[in-house]
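Order of the sequence lines sets the chain letters (A, B, ...), proteins ahead of strands, with each chain counted from 1.
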There are 2 protein chains.
Amino acid sequence: MARTAGSHSDITGPRVREAALRLFARHGFAAVSMRQIAGEVGVQAGALYNYTPDKQSLLFSLLKGHMDELLAAWTAEKSAGDPAARLEQFTRFHIRFNVERPEAIFISYMELRNLSPENFEVVEALRRAYENELEAILHDGVTAGQLEVPDTKIATLAVIAMLTGVNTWYRAGGRLSLAEVEQIYWDMVRRAVGG
Amino acid sequence: MARTAGSHSDITGPRVREAALRLFARHGFAAVSMRQIAGEVGVQAGALYNYTPDKQSLLFSLLKGHMDELLAAWTAEKSAGDPAARLEQFTRFHIRFNVERPEAIFISYMELRNLSPENFEVVEALRRAYENELEAILHDGVTAGQLEVPDTKIATLAVIAMLTGVNTWYRAGGRLSLAEVEQIYWDMVRRAVGG
DNA sequence: TTTAAAACTGAACATACGTTCAGTTCAATC
DNA sequence: GATTGAACTGAACGTATGTTCAGTTTTAAA
């Protein structure tokens, strides 16, 4: 029997997500209508409901998907070794990952407040899991006597805030290459945590 | 003659701004209706138009007012002296100022995209002026041989991003006092810029 | 070529939006 | 206590919103 007759949701589905991501990043979740998203995809608004039960779920799916991707990428890349090396690896990874996905990063910070409480908790838990990765490195560094941090929790948040700030100004093809940016930030991070 | 008969716009006006600030910070500019703002103030929506020509101008007024206040406060507080001392002063000032106005800070970063191009330019220029205050300190510090910064522009943005990040977690009455927070961040900033 | 599921349209739904405005209420001046 | 203008109401305006759904088109398997 025709199990997948007429189907090309595997084409439209991703296009809906891409359009929503771009528009949410540019104008904000509340300012974007389902008709605008549909217009970008070249489809009527009603067709979107083949891909999301509602607008709120679409946002949640984008944010959760981004966090899953972030954690998976870090898990795949991270290595054992001494804390200073791991800290450098984290620093470079975070910058590179963020710079490659400015829109996803943007809405992950901006649109949390538009999630329902349950959905917020899910995304927030993933964010904390990512922060814990850095905190573990800092903690190990202090234990090993390689780093000097009065409060690893605060240092974690300070470092992440500093690194994520790259996204507010970095543009590919600008004055500095990504490698230069990574190096400058790594120097600052290393010194900030007494490494 | 009755020049100011029936007037108490000096009461309602600020209340409109406070309600708008709070609601914009909590739910986002686009997600907040004029009727919600009016409801918070205890007035009908039409009455708001005695205080702003439209919703967009209300947002602009809040953002511009905040930036003016920020620059005025720093101008009043900053002193001459050696760069390291000025950097410490800036660090402590920025943390304190931000922590006292979490909502204004929040919308100043989040709602820029909802400003018209002309209004955006105005606010953006003020933000750059503030950044230039820090960059001048770093520049003087490098010139004086007190600091070691490969790129003052990037260091400026990195430091501000790090300091502004305090707002994402700091709550009055929490684990750390404001003085402790200032000290921890000042230690990190000082080391990050080689001071 | 038939068939049936998937994809999509187009119109409709109730509701909400920003903004305007004629009319009413209020409070300060005379 | 009368007057006058500011402050505000309440209803209306055109338009837009998220979502639903009966009906049509498209696609791939049979």
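Comparing A:Val32 and A:Ala47 by the nucleotide of DNA chain D that holds the closest heavy atom to each, the one mapping nearer the 5' end is A:Val32.
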Produce the list of close N/O pairs, under 3.5 Å, pairing protein atoms with atoms of nucleotides 11-14 of chain C; give distances to one decimal.
| residue | atom | partner | partner atom | Å |
| --- | --- | --- | --- | --- |
| C:dA12 | N6 | A:Arg35 | NH2 | 3.3 |

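With rounding to whole Å, A:Asn50 atom CG is found 14 Å from D:dT27 atom C1'. Taking atom CG on B:Asn114 and atom P on C:dG18, their separation rounds to 12 Å, with Å as the unit. Atom-to-atom, CZ of A:Phe29 to P of D:dT17 comes out at 13 Å; the value is rounded to the nearest Å. In this structure, OH of B:Tyr49 is placed 11 Å from P of C:dC17, rounded to the nearest angstrom. If you take CD of B:Gln36 and P of C:dG18, they are 8 Å apart, rounded to a whole angstrom. Summarising the geometry, the separation between CZ on B:Arg15 and C1' on D:dC8 is reported as 14 Å, rounded to the nearest angstrom. In this structure, the CD1 atom of A:Ile11 is 13 Å from the C1' atom of C:dA6, given to the nearest Å. Distance B:Gln44 CD to C:dC17 P: 13 Å, rounded to the nearest Å.
Side chains of B:Arg92 and B:Gln183: a donor on one and an acceptor on the other come within 3.5 Å. Counted by atom type alone, B:Arg17 and B:Ser61 present one or more donor-acceptor pairs between their side chains at under 3.5 Å. Side-chain contact annotation: A:Glu135 with A:Thr152, donor-acceptor N/O pair under 3.5 Å present.
Considering only side-chain N and O atoms, B:Tyr51 lies nowhere under 4.0 angstrom from the phosphate OP1 or OP2 of D:dA6. Within the structure, every side-chain polar atom (N or O) of B:Ser33 is placed at least 4.0 Å from both OP1 and OP2 of C:dA16. A:Thr12 has no side-chain polar atom (N or O) that falls below the 4.0 Å cut-off from OP1 or OP2 of C:dA7.
The pair B:Arg26-B:Glu103 does not meet the salt-bridge criterion, since no charged nitrogen lies less than 4.0 angstrom from a carboxylate oxygen.
The cationic atom of B:Arg101 (NZ for Lys, CZ for Arg) lies less than 6.0 Å from the six-membered ring centre of B:Phe97 and within 45° of the ring axis. A cation-pi arrangement is absent between B:Lys78 and B:Phe90, since the terminal nitrogen or guanidinium carbon is not both under 6.0 Å from the aromatic centre and inside a 45° cone about the axis.
Atom CZ of B:Phe106 sits about 9.5 Å away from atom CG of B:Asn167, to the nearest 0.5 Å.
Between B:His94 and the choices B:Val166, B:Leu134, B:Leu163, the side-chain contact (heavy atoms from CB on, under 4.5 Å) rule is met once, by B:Leu163.
You'll find that the side chain of B:Val43 is closest to D:dT9, out of D:dT19, C:dG18, D:dT9.
Within the 3.5 Å criterion, the main-chain N or O of B:Trp74 finds no donor-acceptor partner in the side chain of B:Glu77.
Listed by residue number, A:Asp54, A:Lys55 are the residues of residues 54-64 of chain A with a heavy-atom contact under 4.0 Å to DNA chain D.
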